Amino acid sequence: MSNPYWSPCIRDLEPYVPGEQPRRRDLVKLNTNENPYSPSPRVLAAVRAAADESLRLYPPPEADEFKAAIAAYHGIETGQVFVGNGSDEVLAHVFYALLNHGRPVLFPDITYSFYPVYCRLYGIPWREVPLTSAYCVEVADYQGANGGIVLANPNAPTGSALAARSD
Ligand SMILES: Cc1ncc(COP(=O)(O)O)c(C=O)c1O
């Protein structure tokens, strides 16, 4: 029986199903972007140093210092940086705020399986564009898109990447 407390838009939603989650702890799950290497000692020290009594307070609401550091590292403007709690939250804002206009969003078939979940949640039409037989994205297949294109680069879980272009 469905839960009567669910909002109607959630009741019929097909949930996101995470990739296979083996219970063995000695495996690195490439399908969920796990890293075979531990964080550097400097990262661990910085995380530990930040975990002090100041956690009782909200962090700076605009994350200005954090965004400035990211922008400086990548050589871009601070205004081009958007931060959130993990990329799934950022993706939720992107789908809702930028792609929710009634025109179909294009993304590859196969790609990150959360994209159709967000489309269903927000009522966004979408079209899946097949990968090539080598599991690569063919850029020409996306020409004519007028509702946005979502590409994970490298693609997940295939791992194939498109080179950056400056023209
Ligand atoms: C392409 C892609 N985007 C986003 C995510 C979610 O990342 P996060 O853990 O930062 O929310 C994943 C996780 O596997 C992913 O493969």
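This chain uses plain numbering: 1 for the first residue, then up along the sequence. One-based numbering, in listed order, for ligands and for the atoms of each. Predicted model, so just to flag it, every value in this text is computed and none were measured.
Ranking protein heavy atoms by distance to atom 16 (O) of ligand 1, first place goes to Asn33 ND2, 3.3 Å. Looking at atom 12 (C) of ligand 1, its nearest protein heavy atom turns out to be Tyr112 CZ, 3.4 Å.
Cluster annotation: Val129 and Val105 are assigned to distinct hydrophobic clusters (Ile/Leu/Val/Met/Phe/Trp/Tyr, side-chain heavy-atom contacts under 4.5 Å, transitive). Residue Phe82 is grouped with residue Phe114 when hydrophobic side chains (ILVMFWY) are merged at heavy-atom distances under 4.5 angstrom, including chains of intermediate members.
For atom 9 (O) of ligand 1, the nearest protein heavy atom is 4.0 Å or more away.
Below 4.0 Å from some heavy atom of Ala152 lie the following atoms of ligand 1, by number and element: 1 (C). Counting the atoms of ligand 1 from 1 in the order shown, those under 4.0 Å from a heavy atom of Asp88 are 4 (C), 5 (C), 6 (C), 11 (O). Interface of Gly86 with ligand 1, defined as ligand atoms under 4.0 Å from a residue heavy atom, comprises 10 (O), 11 (O).
In Ala156, the part holding a heavy atom less than 4.0 Å from any atom of ligand 1 is the side chain.
Counting heavy-atom neighbours within 6.0 Å of Gln21 CD, excluding the residue itself, gives a total above 12. For OH of Tyr122, the number of neighbouring non-hydrogen atoms (other residues, nucleotides, ligands) closer than 6.0 Å is greater than 12.
Here the closest heavy-atom approach between residue Pro157 and residue Ile110 is recorded as CD-CG2, 3.7 Å.
Ligand 1 has an N or O atom lying under 3.5 Å from an N or O atom of Ser87, backbone or side chain.
Without hydrogens or angle criteria, Ser40 side chain to Val43 main chain gives a donor-acceptor distance under 3.5 Å.
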